[in-house]
Amino acid sequence: MGFLPLLRMRMSIALLRATALELAVLTAHMIVYPSGLFPERRVPGPTDGSPSAVVPDSPQPPPVPDAPALPALPAPHPPAVLLHGFVDNRSVFVLLRRALVRQGGRHVESLNYSPLTCDIRTAAELLGRHVEEICARTGRQRIDIVGHSLGGLIARYYVQRLGGDHRVRTLVTLGTPHAGTSVAPLASAHPIVRQMRPDSAVIEELRLPAPGCRTRFVSFWSDLDQIMVPLETARLEHPDLIVRNVRVSGIGHLALPVHPAVAAGIREALESPGVEAEASGVVSVA
């Protein structure tokens, strides 16, 4: 057997495995989807950046009189905000959220935006208001954001076009159509899908110069992502941005926010304090 037929066979097997995994992820996600329809219940926590308090089920013992006050220790990591993709909700991040919380007690919040949202710019403005509220509540000046698909594009617009770079330290995108995607032309009936097309005004705005942008970008893109057409559209290429592109091999679009290998890559990206462009990497899960 020649080299090319063997290569095609291996690619076909990988695609079949990825498709089977996508169907499994979709099935599991449909089960947990209702749990993410409503916003997270939050209780105002301390202003040191540590996780918000949980309402206790039983009364707490009274404080010991004259007990010396212990200084609150700041959390080692900035808060992380998770932003889902098109017609999805925060339930897609159940596993990733757990992995990030375990990262030294990181404060993590998953945001929902309405499925009726018709404009990326409006969604980005709403994200900005959420970010300001989170910073005020946690006492932290900067946060990290992880966005899946459309969520990454909304977060990028906030950072790049609305001055969000002064609040966002690192933006991680998962399968985000940075250069626009041409998949499913019939879906263009929805205004926000039209904004994800390669020739949309929003994509053109994101191509404009962004001198001095302080946010570090890490873009995970999959070589088997059937939603990104072409595949390389999920790579972030911009001369003014600090970017690391990470190629994920062996999984599709829906598996990006739930696969443990990708979660490990996200944790590594958020732990890094790097301020300069990094070399592209590869996460292989095949």
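- Listed for the T170 side chain is no donor-acceptor partner under 3.5 Å among the backbone atoms of D144.
- Remark: T181 OG1 to M228 CE distance equals 5.0 Å, nearest 0.5 Å.
- Of the possible polar contacts, one joining the S114 side chain to the L116 backbone as a donor-acceptor pair under 3.5 Å is found.
- Pairs of residues two or more places apart, or lying in two chains, that qualify as side-chain hydrogen bond (donor to acceptor under 3.5 Å, both in side chains) and include a residue from residues 80-89 are H29-D88, N89-S91.
- In this structure E237 satisfies the side-chain contact (heavy atoms from CB on, under 4.5 Å) test together with R235, N245, sequence neighbours excluded.
- Using a 3.5 Å distance cut-off with no hydrogens or angles, the side chains of H253 and S149 do pair a donor with an acceptor.
- Nearest heavy atom pair, residue F220 against residue V248, reads CD2-CG2, 3.9 Å.
- For the atom pair L95 CG and H259 NE2, the distance stands at 11.0 Å (nearest 0.5 Å).
- Taking a cutoff of 4.0 Å between a charged side-chain nitrogen and a carboxylate oxygen, E132 and R129 do not qualify as a salt bridge.
- Partner of I145 under the side chain to side chain contact (heavy atoms under 4.5 Å, CB included) criterion, out of V172, T215, L127, I154: L127 alone.
- No side-chain donor from either of D225 and S222 sits under 3.5 Å from a side-chain acceptor of the other.
- At least one side-chain heavy atom of F217 sits under 4.5 Å from a side-chain heavy atom of R156.
- Side-chain atoms of H238 come within 3.5 Å of backbone atoms of L208 as a donor-acceptor pair (strictly under, hydrogens ignored).
- Checked options D223, V25, L224, L256; the residue passing with I251 is L256 (criterion: side chain to side chain contact (heavy atoms under 4.5 Å, CB included)).
- For the atom pair S219 OG and L174 CG, the distance stands at 8.5 Å (nearest 0.5 Å).
- Among all heavy-atom pairs drawn from T176 and G152, the shortest one is OG1-CA, 3.4 Å.
- Here the straight-line distance linking atom CG of L83 with atom CZ of R90 works out to 13.0 Å at 0.5 Å rounding.
- Atoms CZ and CD1, on R194 and I203 in that order, are 14.0 Å from each other to the nearest 0.5 Å.
- When side chains are defined from C-beta on, L150 does not count as touching V87, because their heavy atoms never get closer than 4.5 Å.
- In this structure, the side chain of R207 does not engage the main chain of V202 through any donor-acceptor pair within 3.5 Å.
- A salt bridge links E205 and R121; the closest N-O separation between the charged side-chain nitrogens and carboxylate oxygens is under 4.0 Å.
- Going from atom CE of M196 over to atom OG of S182 covers 12.0 Å, rounded to the nearest 0.5 Å.
- Contact record, T117 with A123: CG2-CB, 3.9 Å, taken as the closest heavy-atom pair.
- Between the side chains of Q160 and D165, no donor N or O sits under 3.5 Å from an acceptor N or O.
- For D240, the salt bridge (Lys or Arg N to Asp or Glu O under 4.0 Å) criterion is met by no residue, not counting sequence neighbours.
- Test V101, L96, V81 against V108 for side chain to side chain contact (heavy atoms under 4.5 Å, CB included) and you get one pass: V101.
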